[in-house]
Amino acid sequence: TALVELLVQVREMLRAEIAEITLFPSSGDVALRSVASADHEPSVLQPVDMAELRGWTSLIEDGRPHLLDQSSDRGGNAELARIGIRDAMVVPIRDDNGVTGMMLVANRMGEVSTFDPADMRLFETLANHAGTWLEKGRLEKALAHVSELKEELKRRALYDALTGLANRTLLCERIEHALSRRQSSSEGPALLFLDLDDFKTVNDSLGHSAG
């Protein structure tokens, strides 16, 4: 909620169509991106492969902010037209250990057609505050909570809430996996199906726990 609120405020303050915060991983190759857009619902902490961010990370590795448009000749600009960005400002987020992420605003709206150095100074100040707010301890706690939530959602999607047993979705996944392995193995899978007549009567009369 705080990330979305921050991005919405930044977007409105700088009259931009898009505002993003991307947090780089301390280890691994998956970053987390949050976006507030004028045309779409906000997205929060969506995984992004670091390979997709190579142009941006090489651009901000000097630790400085950059003002970009499609006519400039700098790092990430080759990607601007492809991803529908006319002009943008990108600022690194730093802590004591170096660059931990980046903030981006793109596509200036209103009568002024593009961002200017005054906008950049304001945006850099906002990014510095965001870096302080996203200090390491609190951020790791938030990311741990997100990981736990994703695992819980995965468990709910694949296991029956009442019995804790695998549900139809997981069964179909396992069968597809077994069939795909059959192509590279001489042994084929087998499926045993048991149908218990009138089992519903047990559940209805004695309850699901007894069933």
Side-chain angles (χ1 to χ4, degrees), residues 1-26 30-40 42-143 146:
T1 303
L3 274 173
V4 170
E5 217 168 281
L6 173 65
L7 289 172
V8 169
Q9 293 292 333
V10 168
R11 191 181 67 75
E12 292 177 353
M13 191 178 300
L14 292 166
R15 299 187 296 284
E17 183 182 341
I18 302 165
E20 297 181 359
I21 289 181
T22 303
L23 305 173
F24 302 152
S26 55
V30 177
L32 294 173
R33 174 188 287 158
S34 301
V35 182
S37 168
D39 301 321
H40 301 93
S43 62
V44 183
L45 298 176
Q46 296 299 304
V48 183
D49 196 312
M50 284 295 289
E52 296 179 30
L53 301 171
R54 193 173 293 122
W56 297 106
T57 54
S58 63
L59 180 68
I60 62 170
E61 63 185 1
D62 60 4
R64 296 189 297 110
H66 292 274
L67 186 61
L68 310 170
D69 61 42
Q70 292 180 16
S71 64
S72 349
D73 183 25
R74 298 184 206 162
N77 296 21
E79 293 294 295
L80 293 185
R82 186 182 69 80
I83 59 179
I85 291 179
R86 298 186 306 273
D87 58 340
M89 295 188 294
V90 59
V91 176
I93 295 175
R94 295 182 292 264
D95 66 9
D96 294 339
N97 298 315
V99 175
T100 59
M102 69 178 194
M103 285 187 72
L104 176 143
V105 292
N107 294 351
R108 178 68 179 264
M109 299 190 301
E111 296 179 359
V112 179
S113 59
T114 189
F115 301 107
D116 59 30
D119 294 322
M120 174 59 82
R121 287 192 294 273
L122 175 59
F123 187 43
E124 189 176 8
T125 302
L126 290 169
N128 289 336
H129 285 302
T132 303
W133 178 74
L134 290 166
E135 55 91 13
K136 189 175 180 182
R138 291 174 62 190
L139 178 57
E140 286 183 348
K141 184 177 179 181
L143 298 186
V146 169

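Everything numeric in this text was worked out from a predicted model, so none of it was measured.
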State, yes or no, whether a side-chain contact exists between Arg108 and Glu17 at a heavy-atom distance under 4.5 Å. no
Answer yes or no: is there a donor N or O on one side and an acceptor on the other, between the side chain of Thr22 and the main chain of Arg33, under 3.5 Å? no
Worked check of side-chain contact (heavy atoms from CB on, under 4.5 Å) between Phe115 and Met120: CA-CA 7 Å; Phe115 301 107; Met120 174 59 82; over 6 Å; no
Roughly how far apart are Leu68 CG and Asp87 CG, rounded to 0.5 Å? 9.0 Å
Measuring from atom CZ of Arg64 to atom CD of Glu124, what distance do you get when rounded to the nearest 0.5 angstrom? 10.0 Å
Looking at side-chain heavy atoms only, is the closest gap between Met13 and Leu122 below 4.5 Å? yes
To the nearest 0.5 Å, what is the distance between OG1 on Thr114 and CG on Leu67? 6.0 Å
How far does CG of Leu32 sit from OG of Ser43, to the nearest 0.5 angstrom? 11.0 Å
Pairwise side-chain contact, Pro42 with Leu7, heavy-atom cut-off 4.5 Å (strictly under): no
Can you name the nearest heavy-atom pair linking Ala106 to Ala16, along with the distance? O-CB, 3.6 Å
Start with the C-alpha gap between Thr100 and Phe24, add the side-chain angles, then the distance that decides, and say whether side-chain contact (heavy atoms from CB on, under 4.5 Å) holds. CA-CA 5 Å; Thr100 59; Phe24 302 152; 5.7 Å; no
Looking at every non-hydrogen atom in both residues, tell me the closest pair between Gly101 and Ile60 and how far apart they are. O-CD1, 4.0 Å
Is there a side-chain contact between Val30 and Pro25, using heavy atoms and a 4.5 Å cut-off? no
NE2 of His66 to CG of Leu104: how many Å apart, nearest 0.5 Å? 12.0 Å
Any heavy-atom pair between the side chains of Arg11 and Met109 that's under 4.5 Å? yes
Quick check for you: to the nearest 0.5 Å, what is the distance between Met103 atom CE and Glu20 atom CD? 10.0 Å
Quick one, Ile93 and Met102 - any side-chain contact, counting heavy atoms below 4.5 Å? no
Could you check whether any side-chain N or O of Gln46 sits under 3.5 Å from a backbone N or O of Val44, counting only pairs where one atom can act as donor and the other as acceptor? yes
Val105 vs Ile18, side-chain contact (heavy atoms from CB on, under 4.5 Å): CA-CA, chis, key distance, verdict: CA-CA 5 Å; Val105 292; Ile18 302 165; over 6 Å; no
